[in-house]
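A quick write-up on the structure given underneath.
Sequential numbering from 1 along the given sequence is applied to the chain's residues. Read the numbers this way: they start at 1 and go in the same order the structure lists the ligands and their atoms.
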Amino acid sequence: MERTLILLKPDCVHRRLLGRVITRFEEKGLNFVAMKMMQVTPELAKKHYAEHVAKPFYPALESFITGGPIVAAVIEGLEAIRVVREMLGATSGLKAAAGTIRGDYSASRQMNLVHASDGPEAAAGEIALYFRPDEIHPYEPTITPWLRARDES
Ligand code: CMP
């Protein structure tokens, strides 16, 4: 089992796409184990996007991500880090394949609706940045026997 962090960004909230995006992950068979609505501060943005702080697009990215509430969540599932990234599609909504979340709902490089951790190290760091351990609530869904064979986990 892997855990990954997603952020449903301010564009996702304002465009009333929260429900649709959450539903796509649920329908895939992934488990939401933590979720909260919050405001990203400039300090948190700089920590979260540390690798981008020196890039030319960072000031606009910080204004965007701090410009309205977000919903942060932890998703759990087999190979969840890769599976969730593939469900999002390419960074730019203009390049993301049809059928992916960004491909279907975004036409922007910056306003790409959802962030997801890009590897195990990032996932561990980002989950710790947004959630305390006691805010994460793993559970075994009763439908698990109908989501995958026993020997797949
Ligand atoms: P995300 O997956 O959250 O990771 C970094 C974010 O920076 C990215 O999604 C976009 O929102 C934004 N981003 C990436 N590249 C660019 C760019 N070239 N111009 C503006 N914003 C960008």
Side-chain angles (χ1 to χ4, degrees), residues 1-139 147:
M1 272 300 164
E2 275 182 356
R3 285 181 184 169
T4 190
L5 179 97
I6 64 164
L7 301 182
L8 305 174
K9 299 183 185 184
D11 53 334
C12 191
V13 176
H14 276 267
R15 290 179 56 195
R16 275 82 171 123
L17 289 172
L18 291 175
R20 281 177 212 226
V21 172
I22 290 167
T23 296
R24 288 174 77 134
F25 294 123
E26 288 188 316
E27 288 178 343
K28 178 72 174 171
L30 294 158
N31 270 7
F32 279 84
V33 296
M35 186 180 283
K36 64 179 156 194
M37 184 170 247
M38 58 184 286
Q39 178 69 44
V40 176
T41 61
E43 294 69 34
L44 177 57
K46 286 184 185 74
K47 284 186 194 163
H48 177 98
Y49 284 129
E51 65 184 293
H52 298 305
V53 166
K55 294 186 182 162
F57 64 80
Y58 182 77
L61 173 60
E62 185 180 293
S63 313
F64 162 56
I65 204 73
T66 63
I70 63 149
V71 172
V74 179
I75 293 180
E76 190 177 76
L78 294 177
E79 300 178 46
I81 297 168
R82 178 188 56 76
V83 169
V84 167
R85 290 277 295 188
E86 287 182 4
M87 288 177 71
L88 294 191
T91 299
S92 169
L94 295 172
K95 303 231 165 64
T100 63
I101 291 167
R102 291 168 176 161
D104 287 353
Y105 297 119
S106 166
S108 165
R109 198 165 51 177
Q110 181 189 77
M111 299 198 183
N112 59 3
L113 299 168
V114 188
H115 166 83
S117 310
D118 65 6
E121 208 175 306
E126 292 175 3
I127 290 169
L129 199 53
Y130 287 85
F131 292 95
R132 298 189 313 267
D134 69 336
E135 291 179 309
I136 300 174
H137 306 283
Y139 58 96
L147 290 173

### Message
When you measure from the side chain of E2 to the backbone of A80, do you find a donor-acceptor pair of N or O atoms at a distance under 3.5 Å?
### Response
yes
### Query
Which protein residues have a heavy atom under 4.0 Å from ligand 1?
K9, Y49, H52, F57, L61, T91, R102, R109, Q110, N112, H115
### Query
Does a side-chain N-to-carboxylate-O contact under 4.0 Å join D11 and K9?
no
Side-chain donor-acceptor pairs of residues 14-22 under 3.5 Å, sequence neighbours excluded:
{"unit_1": "R15", "atom_1": "NH1", "unit_2": "Y105", "atom_2": "O", "d": "2.8"}
{"unit_1": "R15", "atom_1": "NH2", "unit_2": "Y105", "atom_2": "O", "d": "2.8"}
{"unit_1": "R16", "atom_1": "NH1", "unit_2": "H14", "atom_2": "O", "d": "3.4"}

Show me, pair by pair, the donor-acceptor contacts under 3.5 angstrom made by side chains of residues 84-96, not counting sequence neighbours?
{"unit_1": "R85", "atom_1": "NH1", "unit_2": "A116", "atom_2": "O", "d": "3.0"}
{"unit_1": "E86", "atom_1": "OE1", "unit_2": "R82", "atom_2": "NH1", "d": "3.1"}
{"unit_1": "E86", "atom_1": "OE2", "unit_2": "R82", "atom_2": "NH1", "d": "3.4"}
{"unit_1": "S92", "atom_1": "OG", "unit_2": "L94", "atom_2": "N", "d": "3.0"}

### Query
Is there a donor-acceptor pair under 3.5 Å between the side chain of D104 and the backbone N or O of A98?
no
### Task
Sort and list the pairs that fulfil ring-ring contact (aromatic ring centres under 6.0 Å, His included) and have at least one residue in residues 50-69, not counting sequence neighbours.
Y49-H52, H52-F57
